[in-house]
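To start, the structure itself, in structure tokens.
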Amino acid sequence: MKGKLACAVLLAPFFLLLVTVFLVPVGTAVWLSLFGADQPGLGFGPERTVFVGLRSYVAVLSDPTFLGSLLTVVLYCLIYIPLMVVGALTLALLLDSGVAKLRSWAQMGLYLPHAVPGIIAALIWLYLYTPGISPIIDLFAKADIRISFLGVDTVLPSIVNIALWSNLGYNMVIFYAALQAVPREVLEASVVDGAGPVKQAIRIKAPLVRAAIVTVTMFTLIWALQLFTEPVLLSQSTPMISTRFSPSMYIYDAAFTRNNYGLAAAASVILLAFTIALSYGVTRWTNRKAA
């Protein structure tokens, strides 16, 4: 009895936070999505809130701008997540191998961009991407190289670059911490068997930190699907980013520009379901690969 009571006490804060910061907001969004504004009398009567059922979900899923935003964020994930995971793991393996000199300073230098708030990082890169004021574009121009970082084919890679700059060092630290838990005797045995640094990193170290790789991939996926800050700020300097560029921007536009909270709530629920489905798919795939 005392053991059950102790478990209940220890688990209570978790379930309290789960209810207050996840279940209640999700329930509120689902409730709001079932209602919409209606104006009787050919649109001249007073606006009232009425039950519309799944009408908002149908409207969202049939809206080509929302489907386009989903495609955009999927392409963003396909570019960003592999670069993030492979890049962070490679840096962590280099630091763990002892190749990098002044290891603690290298860690701090790589982690430092993550300490910069996301909106400030986006503003810094907006300055570097904007023609006429960017020293990088001016430097390329002197070499007779014309480049547009915010063009139709380059705006998405430019957003990926901002995200990599901000988060690469953070995930590198996670991988480096996981590598410190790898048994040294296993590494020593691999050296005795003739494994060089590259083979040891690929065949020994990387498989042993698989749990960290899955965790970083999962959280990077969830974060990437919520793409918002970078495109919102970059949209000030390019017409290539519309107000519905990503699902999060679509939700913001529906709620605060069109004042359609039912539509925004429905889009939020759909994005949540999409995120859960992808996360579940990644988990199942990684578990199957491990088996």
Side-chain angles (χ1 to χ4, degrees), residues 13-14 17 21-22 73 76-126 128 157-188 190-191 195-230 233 248 275 278-279 282-283 285-287 289-290:
F14 166 76
L17 285 174
V21 306
F22 181 74
V73 84
Y76 172 77
C77 290
L78 291 175
I79 299 171
Y80 170 63
I81 295 176
L83 289 175
M84 171 60 71
V85 175
V86 174
L89 181 60
T90 301
L91 289 173
L93 288 169
L94 287 173
L95 290 176
D96 186 65
S97 68
V99 173
K101 303 299 182 182
L102 300 174
R103 187 178 303 172
S104 59
W105 287 96
Q107 282 182 307
M108 185 182 70
L110 290 168
Y111 181 82
L112 202 57
H114 184 72
V116 178
I119 190 169
I120 302 301
L123 286 172
I124 293 172
W125 284 99
L126 175 62
L128 295 175
S158 295
I159 295 174
V160 170
N161 176 64
I162 299 174
L164 285 172
W165 183 81
S166 298
N167 300 303
L168 193 65
Y170 173 79
N171 291 314
M172 179 272 299
V173 170
I174 295 176
F175 286 140
Y176 182 75
L179 287 169
Q180 300 312 295
V182 173
R184 297 296 108 177
E185 56 269 20
V186 174
L187 301 179
E188 292 170 0
S190 68
V191 173
V198 176
K199 187 176 181 180
Q200 188 183 74
I202 297 174
R203 302 292 297 274
I204 307 296
K205 293 182 179 180
L208 289 176
V209 297
R210 174 187 163 277
I213 294 173
V214 174
T215 301
V216 167
T217 302
M218 186 72 65
F219 283 106
T220 303
L221 172 65
I222 295 171
W223 180 88
L225 290 173
Q226 302 173 40
L227 180 66
F228 181 77
T229 303
E230 293 85 356
L233 288 176
S248 295
T275 303
L278 283 182
S279 301
V282 170
T283 303
W285 181 76
T286 53
N287 289 339
K289 293 290 287 185

Give the minimum heavy-atom separation between [X] and [Y], together with the two atoms involved.
| X | Y | value |
| --- | --- | --- |
| L95 | L110 | CD1-CD1, 4.5 Å |
| A121 | V116 | N-CG1, 3.8 Å |
| T275 | L225 | OG1-CD1, 3.5 Å |
| E230 | A122 | CA-CB, 4.3 Å |
| P207 | I204 | CD-O, 3.4 Å |

Q | Worked verdict on L278 versus V282 for side chain to side chain contact (heavy atoms under 4.5 Å, CB included) | A | CA-CA 6 Å; L278 283 182; V282 170; 5.5 Å; no
Q: Answer yes or no: does atom CD1 of I222 have more than 12 heavy-atom neighbours from other residues, nucleotides or ligands under 6.0 Å?
A: yes
**Q.** Neighbour count above 12 (heavy atom, 6.0 Å) for F228 CZ
**A.**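 Count over threshold, so yes.
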Q: If the plane angle is over 60° it's perpendicular, under 30° parallel, otherwise tilted; pick one for W223 and Y80.
A: tilted
Distance, nearest 0.5 Å, that separates [atom1] of [X] from [atom2] of [Y]:
| X | Y | atom1 | atom2 | result |
| --- | --- | --- | --- | --- |
| I162 | N167 | CD1 | CG | 11.5 Å |
| L83 | L78 | CG | CG | 11.0 Å |
| D96 | Q180 | CG | CD | 5.0 Å |
| M172 | L91 | CE | CG | 6.5 Å |
| L168 | Y111 | CG | OH | 13.0 Å |
| I79 | N161 | CD1 | CG | 12.0 Å |

Q: Look at the side chain of R203 and the backbone N and O of A201, then say whether any donor-acceptor pair between them is shorter than 3.5 Å.
A: no
Q. Pick one: which of I213, N171, I174 meets side-chain contact (heavy atoms from CB on, under 4.5 Å) with L89?
A. I213
Q) Among V214, T217, L221, which residue meets the side-chain contact (heavy atoms from CB on, under 4.5 Å) test with V85? A)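 By the side-chain contact (heavy atoms from CB on, under 4.5 Å) criterion, V85 pairs with just one of V214, T217, L221: T217.
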